[in-house]
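Structure first, commentary second.
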Amino acid sequence: MSVNSITNNNPPVFQPKGGKQMDQSDFMRLMTAQLSQQDPFNPVDNQQMVAQMAQFSSLAGISETNTVLSKISEQLTAQTQLLKDIKAATPAPAPTPPTT
């Protein structure tokens, strides 16, 4: 398992043809369609449904974390560049003559 940089250069795991990633509202729409079409004598296993919801919630949290970390990375990069510019613009102190 490889670890990527904070900017997360990984492609999305699933991307529909329209280029839009599925979000939580899409998941809820699919889940309600599944529930409305299920056989009442053979319903969907509640544990599986809860597990899917938990996985989706985890994925949403990870996505939000990646977004926040990306913003933090951008701020740190800007601050580092600013410090380099300040250091470059600051004149070096004059050497002090030796005392005898």
Side-chain angles (χ1 to χ4, degrees):
M1 181 170 145
S2 67
V3 176
N4 291 326
S5 66
I6 292 176
T7 57
N8 190 15
N9 295 328
N10 276 345
V13 175
F14 172 75
Q15 189 165 356
K17 290 182 182 177
K20 179 185 173 223
Q21 291 185 5
M22 294 182 72
D23 60 2
Q24 195 165 7
S25 63
D26 294 326
F27 176 78
M28 294 304 284
R29 212 173 5 257
L30 286 170
M31 186 180 73
T32 53
Q34 179 182 1
L35 289 174
S36 67
Q37 299 298 320
Q38 74 178 343
D39 179 8
F41 297 108
N42 187 16
V44 175
D45 184 16
N46 287 338
Q47 289 179 342
Q48 286 180 345
M49 191 177 309
V50 170
Q52 288 175 358
M53 290 175 69
Q55 287 174 346
F56 193 83
S57 180
S58 262
L59 181 62
I62 290 169
S63 178
E64 180 67 25
T65 300
N66 285 341
T67 302
V68 170
L69 286 175
S70 177
K71 289 178 183 177
I72 291 171
S73 174
E74 290 170 5
Q75 290 175 352
L76 287 174
T77 302
Q79 289 176 355
T80 301
Q81 186 59 45
L82 180 62
L83 288 173
K84 286 179 183 177
D85 293 344
I86 290 171
K87 185 177 179 182
T90 304
T96 56
T99 57
T100 51

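Everything numeric in this text was worked out from a predicted model, so none of it was measured.
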Sub-4.5 Å side-chain heavy-atom contact between T77 and S73: yes
Is it the case that over 12 heavy atoms from other parts of the model lie below 6.0 angstrom from the CD atom of Q47? no
Once you round to the nearest 0.5 Å, how far does OG1 of T32 lie from CD of Q37? 10.0 Å
Rounded distance [0.5 Å steps], NZ in K71 versus CG in L76: 14.5 Å
Out of curiosity, Q79 CD to I86 CD1, how far, rounded to the nearest 0.5 Å? 10.5 Å
Side-chain donor-acceptor contacts of residues 52-64 below 3.5 Å, not counting sequence neighbours, with atom names and distances?
none

